[in-house]
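This report concerns only the one structure given below.
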Amino acid sequence: MSEARTNALVIRTPEGVSFTLPLAGPVTRFFAFFIDLLVIGALTTLANVLIGFLGIISPDLMSAAMIVMYFVVSIGYGMALEWHWRGQTIGKRVFKLRVVDEGGLRLKFSQIVIRNLLRFVDALPAFYLLGGLACFFSRKSQRLGDYAANTAVIRSRPTFDHVLADVTAGKYNSFRDYPHLEARLRQRVSAEEAALATRVILRRDQLEDERRVELNKELADYFRSVAEFPEEATFGLTDEQYIRNVLDSLYKTKETPKAG
């Protein structure tokens, strides 16, 4: 028996707090993939035209080159766009879908590689049947590539981005001047810890002052132990702003320009 299905990717922490991201269903994902398939077909046709001159040298060489080119385009298309557009391809952009880490954090390139390499397995035996069945019976609408890469496809990333804008809004993030330390944060902070910090910031007005101060100090002290930024990057920061800077470093890819 399959697990109970859900319409949202729920990220929970050991402390019992959570936030949700709306999941994309198999049908919407299929239509997005169909658009991507048309784009891949157009790119492959163009590539075949460009390598057609090899037929003059050897028809067999031309056929082999076309097969290799199809593999490179069909796999490279998804890898390149999902990395460049943070989990989106042309089809996913049209239907406002996005691939995310199952824990809600930013995608790693290794995850994108894995889910795209396994796309051929999901396509078996024909018409994406295996992947479609996996999506249909999966609790989180995951195909086999998503299972292997620990990813999921959500319906509306802008909603989540809006929430993160509220979480990370404020002063210029001085941590952006130290990308190697930001990378250490992203490597060592778990999805559960990031989710807890996000929840604390979002619920700041619902917490008693003493409890809020206590939670902010505990979280900020933990993040300081994970990656110690130099004094010039932390001078004057409250514990809450320190946490906001950490979340900005964990979730965002583009640096906010300095004021003035």
Side-chain angles (χ1 to χ4, degrees), residues 8-14 18-24 29 32-33 36 71-72 74-93 96-122 131 134-135 138-161 163-164 167-168 173 175-176 178-198 222-223 226-227 229 243 245-256:
L9 176 64
V10 182
I11 301 171
R12 295 187 177 91
T13 72
S18 63
F19 62 91
T20 61
L21 302 174
L23 286 168
R29 291 183 64 173
F33 176 70
D36 289 330
F71 177 81
V72 171
S74 58
I75 294 296
Y77 167 85
M79 289 182 183
L81 290 189
E82 286 182 0
W83 178 247
H84 181 68
W85 282 344
R86 299 173 57 195
Q88 285 189 308
T89 57
I90 293 175
K92 290 184 178 69
R93 280 202 162 195
K96 298 182 179 179
L97 307 181
R98 190 182 295 272
V99 181
V100 296
D101 176 85
E102 194 175 358
L105 293 180
R106 191 169 61 183
L107 276 178
K108 298 177 182 177
F109 185 68
S110 59
Q111 291 175 291
I112 294 174
V113 171
I114 291 171
R115 73 184 308 275
N116 279 282
L117 285 178
L118 286 178
R119 191 175 294 279
F120 284 113
V121 178
D122 281 300
C135 266
S138 166
R139 186 173 66 87
K140 300 176 183 177
S141 293
Q142 293 170 297
R143 62 177 178 83
L144 299 181
D146 290 316
Y147 275 117
N150 292 320
T151 57
V153 179
I154 61 172
R155 287 190 288 107
S156 181
R157 184 72 182 186
T159 300
F160 187 46
D161 284 341
V163 171
L164 289 180
V167 170
T168 58
N173 185 1
F175 295 177
R176 292 287 176 166
Y178 303 90
H180 64 292
L181 294 177
E182 284 191 306
R184 187 176 301 171
L185 278 175
R186 288 190 286 269
Q187 182 180 24
R188 296 182 178 179
V189 175
S190 69
E192 290 78 12
E193 292 162 348
L196 173 61
T198 301
Y222 171 72
F223 290 138
V226 170
F229 287 82
I243 296 170
N245 281 12
V246 168
L247 292 174
D248 182 84
S249 297
L250 290 175
Y251 286 111
K252 292 188 177 181
T253 58
K254 292 183 180 180
E255 181 175 353
T256 303

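Across Arg98, Arg115, Lys140, a single residue satisfies side-chain contact (heavy atoms from CB on, under 4.5 Å) together with Val153, and that is Arg115.
To the nearest 0.5 Å, atoms CG (Asp146) and CZ (Arg29) are separated by 4.5 Å. Atom CD of residue Gln88 and atom CG of residue Leu107 lie 11.0 Å apart, to the nearest 0.5 angstrom. Summarising the geometry, atom CG belonging to Asn116 is positioned 4.5 Å from atom CD belonging to Glu82; distances are rounded to the nearest 0.5 Å. The structure places CG of Asn245 at 8.5 Å from CZ of Phe229, a figure rounded to the nearest 0.5 Å. Rounding to the nearest 0.5 angstrom, the gap separating the CG atom in Leu117 from the CD1 atom in Ile112 is 11.5 Å. Rounding to the nearest 0.5 angstrom, the gap separating the CG atom in Leu144 from the CG atom in Asp122 is 4.5 Å.
Nearest heavy-atom pair, Arg186 versus Ser249, reported as atom, atom and distance to 0.1 Å: NH1-O, 2.8 Å. Nearest heavy-atom pair across Ala24 and Ser141 is O-CB, 3.3 Å. Of all heavy-atom pairs spanning Ala227 and Leu181, the tightest one is CB-O, 3.9 Å. Listed here is the closest heavy atom pair of Thr89 and Gly78: CG2-CA, 4.3 Å. The shortest non-hydrogen separation linking Cys135 to Arg143 is SG-N, 3.7 Å. Taking every heavy atom of both residues into account, Val189 and Ala194 meet most closely at CG1-N, 4.0 Å.
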Step-by-step side-chain contact (heavy atoms from CB on, under 4.5 Å) determination, Tyr147 to Leu118: CA-CA 10 Å; Tyr147 275 117; Leu118 286 178; over 6 Å; no
For the pair Lys108 and Asp101, evaluate side-chain contact (heavy atoms from CB on, under 4.5 Å) and give the outcome as yes or no after the intermediate values. CA-CA 8 Å; Lys108 298 177 182 177; Asp101 176 85; 5.9 Å; no
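Note on ring orientation: taking the six-membered ring where Trp is involved, the planes of Trp83 and Phe109 are perpendicular (angle over 60°, cut-offs 30° and 60°). Under the 30°/60° scheme for interplanar angles, the aromatic rings of Phe71 and Phe120 are found to lie parallel.
Counting heavy atoms from C-beta outward, Val246 and Glu193 have side chains that stay 4.5 Å or more apart. Counting heavy atoms from C-beta outward, Asp248 and Arg176 have side chains that approach closer than 4.5 Å.
Looking at Asp36 and Arg119, no side-chain N of the basic residue comes within less than 4.0 Å of a carboxylate O on the acidic one, giving no salt bridge.
For Trp85, there are no ring-ring contact (aromatic ring centres under 6.0 Å, His included) partners, not counting sequence neighbours.
Remark: the backbone N or O of Ala134 is not paired with any side-chain donor or acceptor of Gln142 at under 3.5 angstrom. Between the side chain of Arg155 and the backbone N or O of Leu23, at least one donor-acceptor pair lies under 3.5 Å. Using a distance-only test at 3.5 Å, with no hydrogens or angles considered, no donor-acceptor pair links the side chain of Arg184 to the main chain of Val226.
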